[in-house]
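Counting starts at 1 for both ligands and their atoms, in listed order. Both backbone and side-chain heavy atoms feed into the values below; hydrogens, waters and symmetry mates do not.
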Amino acid sequence: MEDASSTAMPSLDDLVQLRAEFSRFMLQYQFGIEEVKTKIEILRLEFIHLHAHNPIEHVAARLKSSESLIAKVSRKGLDPSFEAISASITDIAGLRIVCSFVSDVYRVAEMLSRQSDITVLETKDYISAPKPNGYRSLHLLVQVPVFLSDETLAVTVELQLRTVAMDFWASLEHKIHYKYDHHLPTEVRKDLEASARTAAELDTIMEHLHQQVHGDGESAPPRRGSAIPTDAVLAQFLRIRAARSGPPSP
Ligand code: 0O2
């Protein structure tokens, strides 16, 4: 005989409560994304205004859909509790940070890792050790605090840091995988491996050129119209100050 508990329909109240719990669970990851996005945006603005070179090209964030989360829970045979899901599925919140050069990837990773409220749980360096198919990126699993009205949560966020060339390769490879339903013909697989090597060579050449142009020069003169004062603005400011303080007393 079938176990009645496994087939019993949940009550409307149960469903309402489950939806609220599920939504709250997903929202914490959205907040985690927002926290890390703000951190990256602050770094990006600091570099734009105060340094000669901005290492961050662009950032993309994605919250796993509830459909693909549940599909992963089922695929992995996980205990369907929110505690078990949050302990086992670490890519619910994801951020991709695309940098200009390989050195920028490590630099941005280092700048984020040393922030006092970020805990790095795991690092996977597929740049120093690319995957057999040629995939390169630096993956960091981090935890950030999210301050809610009544509690503080430590939310796990997956960061993928890569160069423009790595990103170009990975997004094409991703599309090709789906086109062939993950069964790549040998020729296509070989072409992808070769193009990954070409992308890595391009990164090396671009890094070298960048070094030649910039050297280690870090600070840049502020641009006109920028929030950072130019020499002319400073001179005007000093004149105003001098006028206000009046002639020196005898
Ligand atoms: P999607 O659609 O981008 O989210 P896990 O996520 O823990 O089950 P794994 O392999 O231990 O799997 O994690 P890993 O190596 O950190 O890779 C996770 C993510 O990195 C992938 O998420 C991809 O986004 C990216 N990635 C890893 N390997 C490859 C690769 O060979 N090619 C491409 N294009 N991307 C890769 P998902 O969930 O697989 O995909």
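Under the 4.5 Å side-chain heavy-atom criterion for Ile, Leu, Val, Met, Phe, Trp and Tyr, L138 and V120 are members of the same hydrophobic cluster. Hydrophobic clustering of Ile, Leu, Val, Met, Phe, Trp and Tyr side chains at less than 4.5 Å, counting indirect connections, unites I33 with L69.
Proximity of atom 7 (O) of ligand 1 to the protein is not indicated, since no non-hydrogen protein atom lies closer than 4.0 angstrom. In this structure, atom 38 (O) of ligand 1 has a protein heavy-atom contact shorter than 4.0 Å. Within a 4.0 Å radius of atom 28 (N) of ligand 1, the protein has at least one heavy atom. Taking a distance limit of 4.0 Å, we find that atom 12 (O) of ligand 1 is approached by no protein heavy atom.
Atom 15 (O) of ligand 1 has as its closest protein heavy atom Y126 OH, 2.6 Å. With hydrogens left out, the protein atom closest to atom 16 (O) of ligand 1 is H139 ND1, 2.9 Å, a heavy atom. Protein heavy atom in closest approach to atom 2 (O) of ligand 1: H174 NE2, 3.5 Å. Counting protein heavy atoms only, atom 5 (P) of ligand 1 is closest to K72 NZ, 3.8 Å. Scanning the protein for heavy atoms near atom 35 (N) of ligand 1, the closest one is Y135 CE1, 3.3 Å. For atom 32 (N) of ligand 1, the closest non-hydrogen atom of the protein is E173 OE1, 2.8 Å. Counting protein heavy atoms only, atom 10 (O) of ligand 1 is closest to K131 NZ, 3.9 Å.
Residue-ligand proximity, D91 to ligand 1, at heavy-atom distances under 4.0 Å covers atoms 6 (O), 38 (O). With ligand atoms numbered from 1 in the order given, ligand 1 contributes 9 (P), 11 (O), 13 (O), 14 (P), 15 (O), 16 (O) to contacts under 4.0 Å with heavy atoms of K124. Atoms of ligand 1 lying under 4.0 Å from at least one heavy atom of A170, given by number and element, are 34 (N).
Looking at R44 and V59, their side chains never come closer than 4.5 Å, going by heavy atoms from C-beta outward. Side-chain contact between E46 and H51 is present, with heavy atoms from C-beta onward closer than 4.5 Å.
Residue contacts with ligand 1, taken as heavy atom pairs separated by less than 4.0 Å, do not involve T90 at all. When non-hydrogen atoms are compared, ligand 1 lies under 4.0 Å from neither the backbone nor the side chain of H177.
For CZ of F168, the number of neighbouring non-hydrogen atoms (other residues, nucleotides, ligands) closer than 6.0 Å is 12 at most. Dense packing is recorded around CZ of F82, with more than 12 heavy atoms of other residues, nucleotides or ligands lying under 6.0 Å away. The environment of M26 atom CE is dense: over 12 non-hydrogen atoms of other residues, nucleotides or ligands sit within 6.0 angstrom.
For the pair K175 and ligand 1, no heavy-atom separation below 4.0 Å is found. Heavy-atom distances between R62 and ligand 1 reach below 4.0 Å in at least one pair.
Looking at ligand 1, you'll find an N or O of N133 within less than 3.5 Å of one of its N or O atoms. The distance criterion of under 3.5 Å between nitrogen or oxygen atoms is met by Q160 with respect to ligand 1. Polar contact with ligand 1: absent for K64 (N/O pair, distance under 3.5 Å). When only interatomic distances are considered, the shortest N/O to N/O separation between W169 and ligand 1 does not fall below 3.5 Å. Considering both main-chain and side-chain atoms, R162 never comes within under 3.5 Å of ligand 1 through any nitrogen or oxygen pair.
In this structure, CD on E122 lies 7.0 Å from OG1 on T90, to the nearest 0.5 angstrom.
Ring geometry, H139 versus Y126: the interplanar angle exceeds 60°, so the pair is classed perpendicular (tilted spans 30 to 60°).
Salt bridge status for R189 with E193: present, with a side-chain N to carboxylate O gap under 4.0 Å. A salt bridge does not link D91 to K124: none of the charged side-chain nitrogens sits closer than 4.0 Å to a carboxylate oxygen. Using a 4.0 Å cut-off between charged side-chain N and carboxylate O, R114 and E110 make a salt bridge.
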**OP:** Give the intermediate values and the outcome of side chain to side chain contact (heavy atoms under 4.5 Å, CB included) for residues Q17 and D13.
**Re:** CA-CA 6 Å; Q17 199 190 327; D13 280 354; over 6 Å; no

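Just one residue in the list E173, K175, K179 forms a side-chain contact (heavy atoms from CB on, under 4.5 Å) with H177, and that residue is E173.
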